[in-house]
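Working notes, structure below.
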Amino acid sequence: MKAGIIDIGSNTCKLLIAERESASSPMDFVILEQSSLPCRLLSLQADGQNFIEEKKSHRLLQCIREFMKLCKKHEVHKVQAVATEAFRKSSNRQQISSLIEKEFGFEINILTGQEEARGIAKGLDTDPNIKSFQSYSALDIGGGSVEFIHVKNQKLIEVLSLPIGAVRIANMDPSFSEEIIPPENQKMLRTHVREMISGKLSHFFEKENQLVGTGGTIVFCRNILQRLNNQTDHACIQRRELEFLTQTVCGLKISDRIERFPQLPADRADIFPYGLLTVLEIMSLFGTQTLTHSFHNLRYGLAKEIFDSLES
């Protein structure tokens with residue numbers, strides 16, 4: 001059986017196509033193809049009301065059309081589409097969901113923050129490197145929110161979702177249109193992240209725990225650091241490396257970020273430093289020097305759910 005998972009995020013629309021494999025496989029399924037397209041659904045109106053604009057909804061429909069072509073090419077048996085923070089907070093989510101259902105014939109499952117975090121936890125459990133950890137805390141940073149996962153003795157203990165994604169934090173920066181982020185604004189944004197988290201995650205991180213991270217910000221951070229350090233793999237990101245990269249990126253205009261770091265997609269260059277600031281403050285708050293990146297995200301977790309359901 002082949003399954004297609006469409007993940008409608010706040011900043012990017014993503015597809016994973018997987019096929020059921022033998023039970024001896026670490027994941028029980030193999031990845032046939034992955035695709036990611038920019039959509040930037042999340043915007044904050046002047047009155048504070050979140051609203052997905054018409055041109056953005058049209059862009060979303062076009063993304064799904066492209067994904068459905070790939071699903072057809074792979075002869076996918078089942079397509080599951082989910083949406084996260086942008087849809088959760090959008091006042092017109094039902095209208096857009098109806099447009100999608102009318103054209104493509106499937107409903108959009110709008111995940112709660114808790115459901116999203118649990119799906120990410122299932123995805124991390126398919127990563128052999130992470131599965132070997134006895135206990136860990138994890139974060140998944142998106143455009144609208146950050147999901148936190150606490151695993152102890154290889155059991156999921158607790159999850160939490162907070163609205164501190166890269167686009168959310170960018171919307172708070174008064175210098176956003178100026179592109180370069182001055183130190184005082186960096187401090188203000190990091191303070192906001194700390195205040196949003198403070199008191200909510202104190203039990204998530206224990207001394208024996210390792211910190212794991214997923215999400216686009218960390219993917220591109222990893223890719224950039226690999227190139228800077230001339231390494232073939234850079235799954236373990238050091239806080240001092242992240243601090244250096246954050247300061248470098250914050251001091252560059254958007255066009256300069258794209259030129260200096262070819263691994264950074266142009267559509268992410270504006271919000272990338274805000275994601276870095278958020279991850280950096282989380283690492284600081286948790287008191288950890290190292291973050292282990294995993295590619296096994298929400299889409300992996302949803303694929304696992306689909307294939308596991310075949311056995312029930």
Side-chain angles (χ1 to χ4, degrees), residues 1-19 29 31-45 49-120 122-123 140 142-145 147 161 163 165-168 214-216 265 267-268 271 297-307 309:
M1 177 184 176
K2 298 177 183 178
I5 311 298
I6 297 175
D7 175 6
I8 302 170
S10 301
N11 188 62
T12 313
C13 196
K14 293 146 289 204
L15 170 72
L16 180 145
I17 297 177
E19 183 175 21
F29 57 89
I31 305 304
L32 302 179
E33 186 161 349
Q34 296 195 64
S35 180
S36 178
L37 296 172
C39 59
R40 189 64 62 84
L41 298 180
L42 188 63
S43 61
L44 195 61
Q45 302 301 309
Q49 176 67 57
N50 288 299
F51 184 84
I52 298 175
E53 301 164 358
E54 185 176 4
K55 63 179 181 180
K56 294 184 178 181
S57 66
H58 289 166
R59 173 60 183 159
L60 172 59
L61 289 170
Q62 184 57 39
C63 288
I64 298 176
R65 291 185 192 110
E66 294 300 317
F67 290 160
M68 293 306 292
K69 291 177 184 177
L70 293 175
C71 288
K72 183 177 180 180
K73 182 186 78 172
H74 286 282
E75 299 180 330
V76 165
H77 302 94
K78 179 180 177 61
V79 175
Q80 180 176 341
V82 300
T84 54
E85 182 72 1
F87 263 66
R88 283 197 291 266
K89 299 296 175 66
S90 174
S91 61
N92 62 334
R93 58 185 177 273
Q94 293 303 329
Q95 296 95 309
I96 298 174
S97 296
S98 296
L99 287 175
I100 293 172
E101 184 176 1
K102 181 178 180 180
E103 179 169 347
F104 303 105
F106 53 74
E107 295 183 3
I108 299 295
N109 182 13
I110 303 175
L111 302 177
T112 66
Q114 298 276 311
E115 289 171 337
E116 182 180 0
R118 288 192 174 90
I120 295 163
K122 289 181 181 179
D140 177 274
S145 62
E147 277 61 52
S161 177
V167 179
R168 291 281 189 200
T214 66
D267 62 280
R268 282 183 176 267
I271 64 166
N297 46 40
L298 173 63
R299 295 178 295 288
Y300 281 74
L302 295 175
K304 180 173 173 56
E305 283 186 353
I306 291 175
F307 294 128
S309 69

Given I8, which of V82, I108, I96 fulfils the side chain to side chain contact (heavy atoms under 4.5 Å, CB included) condition?
-> I108

Do R59 and Q62 have side-chain atoms, one donor and one acceptor, less than 3.5 Å apart?
-> no

Exercise: identify the closest heavy-atom pair between E116 and L298 = O-CD1, 3.8 Å

Could you list the residues that satisfy side-chain hydrogen bond (donor to acceptor under 3.5 Å, both in side chains) with Q114, not counting sequence neighbours?
-> none

Partners passing side-chain hydrogen bond (donor to acceptor under 3.5 Å, both in side chains) against N109 (at least two apart in sequence or in another chain) = none

Hey, what do you get for [atom1] ([X]) to [atom2] ([Y]), rounding to the nearest 0.5 Å?
X: K56; Y: L41; atom1: NZ; atom2: CG; value: 7.5 Å
X: K2; Y: E19; atom1: NZ; atom2: CD; value: 5.0 Å
X: E66; Y: L61; atom1: CD; atom2: CG; value: 12.0 Å
X: L99; Y: E103; atom1: CG; atom2: CD; value: 8.5 Å
X: Q34; Y: I5; atom1: CD; atom2: CD1; value: 11.0 Å

Considering only heavy atoms from C-beta outward, does the side chain of K72 approach that of F67 to under 4.5 Å?
-> no

Just jot down the side chain to side chain contact (heavy atoms under 4.5 Å, CB included) partners of [X], sequence neighbours excluded, or say none.
X: A18; value: L16, F29, I31, A303, F307
X: H74; value: I17, L32, E33, V76
X: K14; value: D7, T12, S36, R299

Expected output: side-chain S91 to main-chain F51 donor-acceptor under 3.5 Å = no

Can you sort out the partners of E85 under salt bridge (Lys or Arg N to Asp or Glu O under 4.0 Å), two or more places apart, ordered by chain and number?
-> R88, K89, R168

E107 atom CD, over 12 foreign heavy atoms within 6.0 Å | no

